[in-house]
Amino acid sequence: MKYPSIVLAGLLALLSCGRRPQPTGSASFTVTNHLSPKGWVDVEETITLDLKRGGALTRLLPMPEGTDNLLLRQRIDRVVFRADGPNGPVLPFRLRTGDYWANIDLLNLKPGKQVLYLSYRILHPHRREGRDGVFVWQCPASFWNLTVTALDITWRVPDTMDPKRLKVKNAYYYSETVKGTVTTGKNSIRFVATKQHIKPGKHVEFTLTFPFEGIARNGGTSSVRELTVQGRITLITFAVLLLLALVALFLPARRAISLTAAANWLYPIALAAILWGPTVYWWNERNFRAPGDSNALLSFLTNPVYILFYLYFAYLQRKGFAAWKRNAYYVQLAVMPILTIPFMIPGTEFLLFGLLGLPALIYWHRREIAWQFGAGVDVIVEKVNAQGALSLKELAASVQLSDAQLENILRQNPNLPVIPDYAEGSIVSMETAAMREQLKVCPSCGGGSTVTVGQALLECAYCGTPFSASRKPMAPVGETGTDSRSRRRRNRRDVKTPNGSFDLMEMVIRTLRDPFNPGVARDKPVPFVVEGIAAFLTTAAMGAFFYAVLLGVVFLGLETFEGSGLVSGVFMGGVTLAVLGGLGIALIAFAEELRKGKLYTLLQILLVLTAPLLVSLVALRKIWTPLCKLHFGEKDPRSLEALLKEKGELSLAELTKELDTSYGEATDIAAYLAGHQIIAAVYDRVHARLVHRDLYATMSHEGSCASCGGILGVHHGKVACQYCGTTVETAPPLEAPPA
């Protein structure tokens, strides 16, 4: 508790920092705006000051998002600050850019009367409205704490422009207007204020509308060059990540994964470099804002939150990679939408930031990388079936996995047609295990063998049904699951905690402790893509909780020291904490509902809205597969049962193709559908297939072959003698054993 208390005390102390004294007095402006046909605007301002107290002033300039170019925004260039006109001595100043403004800080101003000359160039200054262009100039802007006693503004346009089409309007403090006279010259339009005193802290916004013909559309500079200037850090980081991706394309899988874990740390480093300027901007802004304006430290403290979020993301991924968590693999595939979170921050760098997720997609789809996290488990089955029995170490070496990885994959896929023994460090095929054990009859499916899988626990080698020492089946039976009532009953099942009750806050705490392993039991297998989306939502919930705590503390400090007091601070901080914390809880609940097979329509809408992020398109295509539709209740399992009845049996390879999924998921869904008797089938793990239950019923009725007395079995979708091949007609189905 000591360290959070120290951090909280430090934040509150920082928020209580006072501002420096501001200059006082009056000022007048004489301004000329030169609209260049090349696309930029050169501004010359002569500022006459009468200061009662010296200090530093800030000339705030509006910097809206790119006007004639989606990615680019306005930029200030070629700033000159002199005394007594354009040829006077140079004076000290500081240019700061942050969010929607550029500030020119006029430093070390002395008391008394003086004349200042300020000039600057605005790149990409125009906004298009139909065939017309719009240029906005603001004076004296917010946080200028001097009274403006005179205002004389001239706009000069190219000679080819019709001055009759020039229009000027102004807005004083949003709703009022500055009174004055407007005169039009040959290639100019002029506004002179009459007897107007613009109060400190208020601003006047002048809007010039002009014909856009004859003005270059590139804003006065090459778009490629300007994009390089405004997005340089993101573009440099993209080039580095692209180089690393090309290297990882040819590295062994484990080295590529280690390189990815290291590359994830580049995201917060790049974001810190991008946010350095805006953060310094807000730190210095606290010295220039009038006491009645909001505390700039709120924005100053918000920027590091983004950096900390991506540090946390990199930490979680490193932890997930170390444990070979399948969710960590799928979250890495969703890195592009994760990197678009700073999209709302103004600036070209942040608009491009989501592209940093593209390089990883070049190599992250490699089969050998996916295999390290458990994809392609059919290779394990083939190796074990070919050898009959292997040690886990031999199997891990043959498939180029570590012992820990192999064990993790086997535990994640408990329904594979192989039997691992972790205590003895061995693994055997189903047929080998069947020959080793005494022949017994499974009361659930009529299978001819059971396998010991633990103390006082047996499992049918054919259908996978587990039995306790009393030999009663542990899986629920007798429920077909195809009628609407039973389907609704399954959908109402909540995720169970260890004590058997659903506790939302307990689920949140578990998720915060280990986002990739919530530790809750599933009543049915969850498709990989759904688990991946749920893991991404959980990661986003981590960010929401982080924002909740930090911004809650910030608002508490602002209201306590700058606002209405402690009560208001507790209220504002509490509301912020509740809203953002509620968002995090909602995201976790949404993830759990997806795992339970609900909210399919909402998920589709969400993926369609985020389809431009590319990864969402892949996920959208995946959730339209038969397996996902089966998971969300959009596909009737009876259609699969009808196909099974027609063919008699479906191999896992055929089931994989039918459901458009992986081998590992096919084993899970086969065991789930057959074990819960959702369809009339038996999961024959010995031969890695689904068999219609009627065929097993035939074997039970017939006993042995009438021709030669041989043992009956299912071959090519029919019941036939394993010795002479004589087929047997299908008998009426057996009644399901009581639940």
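Predicted model, so just to flag it, every value in this text is computed and none were measured.
Going from atom OG1 of Thr147 over to atom CG of Asp50 covers 11.0 Å, rounded to the nearest 0.5 Å. Distance check: Ile122 CD1 to Arg75 CZ gives 12.0 Å after rounding to the nearest 0.5 Å. With rounding to the nearest 0.5 angstrom, the CD1 atom of Ile269 is 11.0 Å from the CG atom of Asn264. Note that the CG atom of Leu208 and the NZ atom of Lys169 stand 11.5 Å from one another [nearest 0.5 Å]. In this structure, the separation between CG on Asp162 and CG on Asn187 is 11.5 Å, given to the nearest 0.5 Å. Expressed to the nearest 0.5 Å, how far OH of Tyr306 lies from CZ of Phe309 amounts to 10.5 Å.
Between the side chain of Gln74 and the backbone N or O of Pro125, at least one donor-acceptor pair lies under 3.5 Å. The backbone N or O of Leu107 lies less than 3.5 Å from no partner atom in the side chain of Asp105, so there is not a single donor-acceptor pair.
Of all the heavy atoms in Phe545 and Ile585, the pair that sits closest is CZ-N, 3.7 Å. Of all heavy-atom pairs between Leu352 and Gly231, the closest is CD1-CA, 4.4 Å. When every heavy atom of Leu227 is checked against every heavy atom of Leu235, the shortest pair comes out as O-CD1, 3.8 Å. The two atoms that bring Ala270 and Ile233 nearest to each other are O-CG2, 3.8 Å, heavy atoms only. Shortest non-hydrogen contact noted between Leu271 and Phe350 is CD1-CE2, 3.9 Å. Listed here is the closest heavy atom pair of Ala245 and Pro359: CB-O, 3.2 Å.
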Output a table of donor-acceptor pairs, distance under 3.5 Å, between side-chain atoms of residues 77-89 and any protein atom two or more places apart or on a different chain; print 'none' if there are none.
residue, atom, partner, partner atom, Å
Arg82, NE, Pro86, O, 3.2
Arg82, NH1, Gly88, O, 2.9

Q. Should Thr177 and Asn170 be marked as a side chain to side chain donor-acceptor pair (under 3.5 Å) after you check the CA-CA gap, both sets of side-chain angles, and the distance that decides it?
A. CA-CA 6 Å; Thr177 59; Asn170 69 76; 4.8 Å; no

Q: Step by step, work out the side chain to side chain donor-acceptor pair (under 3.5 Å) result for Glu44 and Tyr120.
A: CA-CA 7 Å; Glu44 295 179 286; Tyr120 50 90; over 6 Å; no

Q: Check step by step if side-chain contact (heavy atoms from CB on, under 4.5 Å) holds for Leu109 and Leu116.
A: CA-CA 10 Å; Leu109 299 178; Leu116 307 177; 4.0 Å; yes

Q) Can you list the steps and then say if Trp137 with Val31 is a side-chain contact (heavy atoms from CB on, under 4.5 Å)? A) CA-CA 10 Å; Trp137 180 85; Val31 183; 3.6 Å; yes

Q | Leu106 vs Thr58, side-chain contact (heavy atoms from CB on, under 4.5 Å): CA-CA, chis, key distance, verdict | A | CA-CA 6 Å; Leu106 312 178; Thr58 183; over 6 Å; no

Q: Please lay out, stage by stage, how Tyr310 and Leu339 fare under the test side-chain contact (heavy atoms from CB on, under 4.5 Å).
A: CA-CA 9 Å; Tyr310 287 107; Leu339 292 177; 3.6 Å; yes

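Residues passing the side chain to side chain contact (heavy atoms under 4.5 Å, CB included) test with Ala272, sequence neighbours excluded: Ile307. Scored by the salt bridge (Lys or Arg N to Asp or Glu O under 4.0 Å) test, Arg318 finds no partners at all (sequence neighbours excluded). Partners of Tyr117 by ring pair (Phe, Tyr, Trp, His ring centres under 6.0 Å), not counting sequence neighbours: none found. Tyr267 pairs by the ring pair (Phe, Tyr, Trp, His ring centres under 6.0 Å) definition with nothing, not counting sequence neighbours.
Under the 4.5 Å side-chain criterion, counting only non-hydrogen atoms from C-beta, Gln332 is in contact with Gln317. Taking 4.5 Å as the limit, some side-chain heavy atom of Leu51 sits within range of a side-chain heavy atom of Leu146. Side-chain contact between Val41 and Val43 is present, with heavy atoms from C-beta onward closer than 4.5 Å. By the 4.5 Å heavy-atom criterion applied to side chains, Phe29 and Ile153 are not counted as neighbours. For the pair Thr32 and Trp155, the minimum side-chain heavy-atom distance is 4.5 Å or more. Within the 4.5 Å cutoff, the side chain of Phe135 has heavy atoms near those of the Asn33 side chain. In this structure, Tyr312 and Pro268 have side chains that are not in contact, with every pair of non-hydrogen atoms separated by 4.5 Å or more. Between Val192 and Leu151, every side-chain heavy-atom pair lies at or beyond the 4.5 Å cut-off.
Note on Glu349 versus Arg232: no salt bridge recorded, every NZ/NE/NH1/NH2 to OD/OE distance being 4.0 Å or above. Look at Arg165 and Asp132 and you find a salt bridge, because one of the NZ, NE, NH1 or NH2 atoms lies within 4.0 Å of a carboxylate O, short of that distance.
Ring centroids of Phe206 and Phe191 are separated by less than 6.0 Å, placing the two rings close together.
Residue pairs satisfying the salt bridge (charged side-chain N to carboxylate O under 4.0 Å, His left out) criterion with at least one member in residues 145-157, sequence neighbours excluded, are listed as follows: Asp152-Arg190.
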